[in-house]
Amino acid sequence: MKLLTLNFLTCARKACKTSAASFPLHPREAELEQVELDMNPQFIRNVLPRVEWEAMRSISQELGLPSLPDTAPGPEELADAEGGPTQILKDLHTLLMETTIASGKLLCANCGHEYAIKEGIANFLLPSHLV
Amino acid sequence: MAMLPTPLTSHVSYDQVYEPAEDSYLLLDTLSSGTETAFLRAHFSGHPSVPLVLEVGTGSGVVLAFITAHAEHVLGRSDVVTLGTDLNIFACGAASVTVVDAVEATQSMPSSEAREDTIPKPGSGVFLDTLKMDLASSCRPNIVDILIFNPPYVPTEHLPTAHTEESSTQTTFDRDSHLLSFSYAGGTDGMEVTNRLLSQLPSILSPDRGVAYVLLCAQNRPEEVKSRIREWEGGWCAETVGGSGKKAGWEKLSIIRIWKGV
Ligand SMILES: C[S@@+](CC[C@H](N)C(=O)[O-])C[C@H]1O[C@@H](n2cnc3c(N)ncnc32)[C@H](O)[C@@H]1O
Ligand SMILES: [Zn+2]
């Protein structure tokens with residue numbers, strides 16, 4: 001599962017939806033895998049406004065990855081004078097698109113429930129007593 | 001109308017995963033029809049924020065692969081993210097392969113529009129992941145811009161129950177038929193799963209530009225479904241935008257588009 005996917009997910013339990021603590025889900029015992037993907041600079045630039053920067057910052061910190069700047073880079077930091085991709089943009093591509101969680105767990109800090117990730121696929125089905 | 005290639009699903013094991021059928025192809029035809037591409041392009045172009053497409057119940061992934069691979073044609077832009085969910089873990093695995101393959105095939109297609117200066121070639125959106133999930137239950141509220149659902153729509157006496165883990169005591173045959181039953185068993189009027197999704201739509205779709213495409217069969221009583229949606233609070237619209245298998249004036253299958261009017 002790509003790290004960018006975590007930007008769109010929260011706990012499946014209804015009671016957690018309204019709590020700020022249910023986002024982001026926290027990776028635990030994560031086995032990371034780098035998967036090479038073509039870089040699409042325009043996509044990275046355009047998706048950034050949808051990225052919850054604080055959340056991605058804490059996820060990458062929890063995973064022991066290089067720390068992200070305090071605030072999201074602006075468009076001027078993503079393209080060089082010739083319009084080419086800057087190092088910051090390349091790093092964001094590596095982090096958001098190429099860094100995947102092959103196995104591990106995702107913890108909801110609100111209810112403590114852990115969702116398993118196996119063979120790259122996260123399982124958000126709740127046991128019947130939690131639905 | 002341009003004929004867009006149908007994603008290949010020959011790698012998928014149809015003992016475990018729903019095989020693309022008339023309903024799947026009706027979704028492809030409808031999403032790439034002149035009226036829907038015009039609607040979607042008008043709806044999603046010129047908006048700075050990247051649209052998020054979610055297919056609920058991907059099965060083989062043929063639909064998600066199609067809209068991802070042909071994002072530029074269908075939505076008028078390729079800076080689009082796509083996600084899929086399914087209760088069936090084998091569907092999740094298969095769909096992900098189908099989408100990645102279809103995007104690769106599109107990107108390597110010789111195209112007169114392909115320009116050297118854009119990497120990758122224009123055309124395809126950006127696929128993120130498939131997730132084992134009930135409907136859209138773990139998506140953050142109100143973030144989905146385009147939701148697609150070809151649900152289990154056959155009226156049945158019972159609904160199969162989803163398990164967090166596949167049972168290890170079942171035979172492979174029992175496990176597979178249980179998993180396949182998710183693809184068709186719709187309970188009362190074939191509407192139990194669809195109704196659950198419909199009731200959640202206002203909290204799944206993005207408030208300003210969310211659109212859903214849901215497939216229905218005649219026994220689901222599409223006209224009644226649409227009237228109910230039009231009574232939702234907040235000014236919702238529902239229109240039939242695709243159909244197939246006309247019988248005595250009735251469409252056997254139809255696709256309704258659901259969105260908030262302005
Ligand atoms: C009719 S098949 C459609 C498959 C594929 N989208 C297509 O068009 O060929 C319905 C799919 O929805 C999945 N499904 C059924 N109920 C679901 C639920 N509550 N949440 C997620 N997926 C579900 C089934 O496992 C099956 O893959
Ligand atoms: Zn929770």
Side-chain angles (χ1 to χ4, degrees), chain A residues 1-14 16-18 20 22-25 35 37-52 55 75 82-85 93 96-97 100-101 106 108 113 115-131, chain B residues 47-54 71 77-96 100 103-104 107 117-122 124-145 161-166 200 203 206:
Chain A
M1 181 168 79
K2 296 180 176 66
L3 291 195
L4 181 54
T5 302
L6 287 175
N7 184 59
F8 301 108
L9 299 177
T10 180
C11 184
R13 297 177 72 175
K14 250 204 203 96
C16 288
K17 298 267 175 194
T18 49
S22 65
F23 176 81
L25 297 171
V35 178
L37 266 186
D38 285 345
M39 185 172 62
N40 182 337
Q42 190 211 347
F43 170 73
I44 298 290
R45 278 194 293 271
N46 294 356
V47 82
L48 272 194
R50 281 201 81 153
V51 170
E52 299 293 330
E82 285 86 54
H93 169 73
L96 299 174
M97 299 300 299
T100 67
I101 305 180
L106 294 170
C108 169
H113 189 70
Y115 299 93
I117 304 174
K118 284 182 196 156
E119 297 177 41
I121 299 173
N123 179 356
F124 290 98
L125 287 191
L126 291 167
S128 49
H129 68 279
L130 291 184
V131 178
Chain B
H47 196 296
S49 169
V50 162
L52 171 65
V53 178
L54 173 73
R77 62 196 289 172
S78 58
D79 58 340
V80 172
V81 277
T82 71
L83 278 172
T85 69
D86 207 295
L87 290 177
N88 178 345
I89 188 72
F90 298 107
C92 295
S96 168
V100 171
V103 168
E104 206 162 277
Q107 297 307 312
D117 58 342
T118 34
I119 350 167
K121 288 175 198 159
S124 296
V126 174
F127 167 64
L128 293 181
D129 281 294
T130 50
L131 307 158
K132 181 172 167 181
M133 193 187 290
D134 175 42
L135 304 177
S137 55
S138 268
C139 290
R140 280 168 51 213
N142 299 110
I143 61 163
V144 175
D145 296 300
T161 41
H163 302 301
T164 317
E165 295 296 330
E166 301 336 315
Q200 296 172 13
S203 56
S206 61

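Convention: sequence-line order gives letters A, B, ...; per-chain numbering from 1.
- Across all non-hydrogen atoms, the minimal contact from A:Cys11 to B:Ser138 is C-OG, 3.9 Å.
- Per-residue heavy-atom pair counts under 4.5 Å with chain A were compared for B:Thr85, B:Leu131, B:Ile89, and the maximum is reached by B:Leu131.
- No donor-acceptor pair closer than 3.5 Å links the side chain of A:Thr5 to the backbone N or O of B:Leu128.
- Of the possible polar contacts, one joining the A:Lys17 side chain to the B:Ser137 backbone as a donor-acceptor pair under 3.5 Å is found.
- Applying the ring-ring contact (aromatic ring centres under 6.0 Å, His included) criterion to A:Phe8, with sequence neighbours excluded, gives no partner residue.
- Chosen from B:Val126, B:Thr161, B:Val144, B:Asp134, the residue pairing most often with chain A at heavy-atom distances under 4.5 Å is B:Val126.
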Apply side-chain contact (heavy atoms from CB on, under 4.5 Å) to the pair A:Phe43 and B:Val81, showing each step before the final yes or no. CA-CA 9 Å; A:Phe43 170 73; B:Val81 277; 3.3 Å; yes
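- Using a 4.5 Å cut-off between heavy atoms, A:Leu37 makes no contact with chain B at all.
- With a 4.5 angstrom heavy-atom cutoff, B:Leu54 does not touch chain A via any of its atoms.
- Neither the backbone nor the side chain of A:Pro49 comes within contact range of chain B; no heavy atom of the residue lies under 4.5 Å from a heavy atom of that chain.
- Of all the heavy atoms in A:Lys2 and B:Phe127, the pair that sits closest is NZ-O, 3.5 Å.
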Evaluate B:Arg140 against A:Glu52 for side-chain contact (heavy atoms from CB on, under 4.5 Å), listing each step before the verdict. CA-CA 12 Å; B:Arg140 280 168 51 213; A:Glu52 299 293 330; 3.2 Å; yes
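- The minimum heavy-atom distance linking A:Leu125 with B:Ala162 is given by the pair CD1-CB, 4.1 Å.
- Applying the side-chain hydrogen bond (donor to acceptor under 3.5 Å, both in side chains) test to residues at least two apart or on different chains, none of the pairs has a partner in residues 115-131 of chain A.
- The CG atom of A:Asn46 lies 9.0 Å from the OG atom of B:Ser49; values are rounded to the nearest 0.5 Å.
- Rounding to the nearest 0.5 angstrom, the gap separating the CG atom in A:Asp38 from the CD atom in B:Glu104 is 9.0 Å.
- Under 4.0 Å is where a charged nitrogen must lie from a carboxylate oxygen, and between B:Asp79 and A:Arg50 no such pair does.
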